[in-house]
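Naming convention: chains lettered A, B, ... in sequence-line order (proteins, then strands); numbering from 1 in each chain. None of the values given here were measured: they were computed from a predicted structure.
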Number of protein chains: 2
Amino acid sequence: MAISSRFSVAVHILSLLEISKNERLTSEIIAGSVNTNSVVVRRIMGMLNKAGLINTSPGVAGAIISRPISQITLLDVYLAVEVDLQDHLFSIHDKANPNCLVGKNIQHTLEQRFTQAQRAMENELANVTLDQIVSDLLVQDSFIPSVPTTTNKEQL
Amino acid sequence: MAISSRFSVAVHILSLLEISKNERLTSEIIAGSVNTNSVVVRRIMGMLNKAGLINTSPGVAGAIISRPISQITLLDVYLAVEVDLQDHLFSIHDKANPNCLVGKNIQHTLEQRFTQAQRAMENELANVTLDQIVSDLLVQDSFIPSVPTTTNKEQL
DNA sequence: ATCACTTGTAACCATTATAGTTACAGGATT
DNA sequence: AATCCTGTAACTATAATGGTTACAAGTGAT
């Protein structure tokens, strides 16, 4: 199965916090941008908080990103919300018959190769900072359609 | 969630077919090595067959690997049994509010980055052939424990 | 032609993760 | 005190996985 959408939502939330850093966004407002339930947002923000990427306080709106977004990578975010996958992105069938030459050794053999593939993916994520993501968002938005529909003011 | 164990089982099956290429293994025998149900094995072998990695015939035991295992990579196997993940390893929340600057652009932005990370992982898998896996299995097995317990003859 | 054996597949089940929802205790601000 | 917010528990629907039973249909030997 695919990696959950928590990762993409988490990046969305962090980007929004950065762009609106002078406002105090409630989980309700953020949920309006993500278009989901506010509990889903609070759940993910709870993970980001636990991972030390943002600072939240019970009862008070407006989470604060804990360091410059040029120092937060996609890998940081990924690991914060996909904790289980840190150990093993790939599941390995772990009941193979030890009396069989293949069954006895396959697990260890695959472990090595799978870890290497996983690390390659993680390294790519580590090479992208939230800074770059936010820049991408802003650059894309600067595209001016031939027939303008909304102004930036009308958007959040 | 993690990538399913079908991948590891598929590699197991292919390795077993290679090592036992002079015998005609039934799905029942293979299931004995993997230590699972024979239907699970047939299901996965069905995918390998459909992907053109092995040739099976209804009613007759003994699947045949369709090309030299030096020309089959882990990526080939992965794509054969994790068809869904070929498009998108990462799920992206696709209901973001288009009236928000972030919501409007986040999907496309992440798409680019996620694809790159996915490709990096796939490239690692593409760099490993079944030949290497089988070699690994055999090399590991040649380790001689200080107190020998079973001989290779006793194993499958 | 029959018999034993096999594959391929449908159908079903238990388990698990996800994402959404309601509800509410408790902190914070005015 | 009143209001707004977070954090979290509990519940739901949905979907994927892996295992299981069952069986139709193909194969090959006798």
Side-chain angles (χ1 to χ4, degrees), chain A residues 1-10 12-13 17 23-32 34-51 54-64 78 81-97, chain B residues 1-10 12-13 17 23-32 34-51 54-64 78 81-97:
Chain A
M1 206 191 297
I3 292 166
S4 85
S5 68
R6 279 196 304 270
F7 183 22
S8 78
V9 173
H12 185 143
I13 292 171
L17 288 175
E23 302 165 63
R24 322 220 70 183
L25 303 183
T26 66
S27 62
E28 197 68 49
I29 291 177
I30 298 175
V34 177
N35 207 351
T36 183
N37 193 286
S38 61
V39 175
V40 172
V41 169
R42 291 203 291 273
R43 211 141 53 185
I44 291 174
M45 290 181 70
M47 299 190 216
L48 297 176
N49 184 52
K50 186 180 286 188
I54 64 177
N55 296 315
T56 66
S57 325
V60 47
I64 292 168
Y78 169 79
V81 299
E82 305 284 353
V83 182
D84 304 341
L85 302 186
Q86 181 159 13
D87 290 327
H88 294 291
L89 176 63
F90 297 89
S91 309
I92 298 184
H93 179 84
D94 58 352
K95 299 182 184 59
N97 187 342
Chain B
M1 207 191 300
I3 293 166
S4 84
S5 68
R6 280 197 303 269
F7 183 21
S8 78
V9 173
H12 185 142
I13 292 171
L17 287 175
E23 302 165 64
R24 321 221 71 184
L25 303 183
T26 65
S27 63
E28 197 68 48
I29 290 177
I30 298 175
V34 177
N35 206 352
T36 184
N37 193 286
S38 60
V39 175
V40 172
V41 170
R42 291 203 291 274
R43 213 140 53 183
I44 292 174
M45 290 180 72
M47 299 189 215
L48 296 176
N49 185 52
K50 185 180 287 189
I54 64 177
N55 296 315
T56 65
S57 325
V60 47
I64 291 167
Y78 170 79
V81 298
E82 304 283 354
V83 182
D84 304 341
L85 301 186
Q86 181 160 12
D87 290 327
H88 293 291
L89 175 62
F90 298 89
S91 308
I92 298 185
H93 178 84
D94 58 351
K95 299 181 185 60
N97 187 342

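With sequence neighbours excluded, no residue forms a side chain to side chain contact (heavy atoms under 4.5 Å, CB included) with A:Val83. By the ring-ring contact (aromatic ring centres under 6.0 Å, His included) test, B:Phe7 pairs with A:Phe90, A:Phe114, B:Tyr78, sequence neighbours left out. In this structure B:Glu28 satisfies the side chain to side chain contact (heavy atoms under 4.5 Å, CB included) test together with B:Thr26, B:Ser38, sequence neighbours excluded. With sequence neighbours excluded, the residues that form a side-chain hydrogen bond (donor to acceptor under 3.5 Å, both in side chains) with B:Ser27 are B:Arg42.
Atom-to-atom, CE of B:Met47 to P of C:dG8 comes out at 13 Å; the value is rounded to the nearest Å. Atom CD in A:Glu28 sits roughly 13 Å away from atom C1' in C:dG20 (whole-Å rounding). Rounded to an integer number of Å, the gap from B:Met45 CE to C:dG8 C1' is 11 Å. Atom CG of B:Leu25 and atom P of C:dT7 are 10 Å apart (whole Å). Whole-Å rounding puts the B:Ile64 CD1 to C:dT7 P distance at 13 Å.
Legend: salt bridge (charged side-chain N to carboxylate O under 4.0 Å, His left out) pairs involving residues 82-95 of chain A, not counting sequence neighbours, sorted by first then second residue: A:Arg6-A:Glu82.
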**Request:** Go along nucleotides 24-30 of chain C 5' to 3' and tag each nucleotide: B for a protein heavy atom under 4.0 Å from its base, S when only backbone or sugar atoms are that close, - otherwise.
**Result:** --BBS--

**Request:** Using a 4.0 Å heavy-atom cut-off, write out nucleotides 13-19 of chain C from 5' to 3' as B (base contacted by protein), S (sugar-phosphate only) or - (no contact).
**Result:** ----SSB

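Note that CG of B:Asn49 is 6.5 Å distant from CG of B:Asn55, once rounded to the nearest 0.5 Å. To the nearest 0.5 Å, atom CZ of residue B:Arg43 and atom OG1 of residue B:Thr36 are 9.0 Å apart. The distance from atom CD1 of B:Ile13 to atom CD1 of B:Ile44, rounded to the nearest 0.5 Å, is 5.0 Å. Note that CG of A:Leu89 is 12.5 Å distant from CE of B:Met1, once rounded to the nearest 0.5 Å.
Where DNA chain D meets chain A (any atom under 4.0 Å from a heavy atom), the bounding nucleotides read 5' to 3' are D:dC5 to D:dG19.
Within the nucleic acid shown, B:Thr56 comes within 4.0 Å of sugar-phosphate atoms alone, with no base atom in reach, counting heavy atoms only.
Judged purely by atom type and a 3.5 angstrom limit, A:Ser91 uses its side chain to pair as donor or acceptor with the backbone of B:Ile3.
Closest of all the heavy-atom pairs between B:Ile54 and B:Met45 is CD1-O, 3.6 Å.
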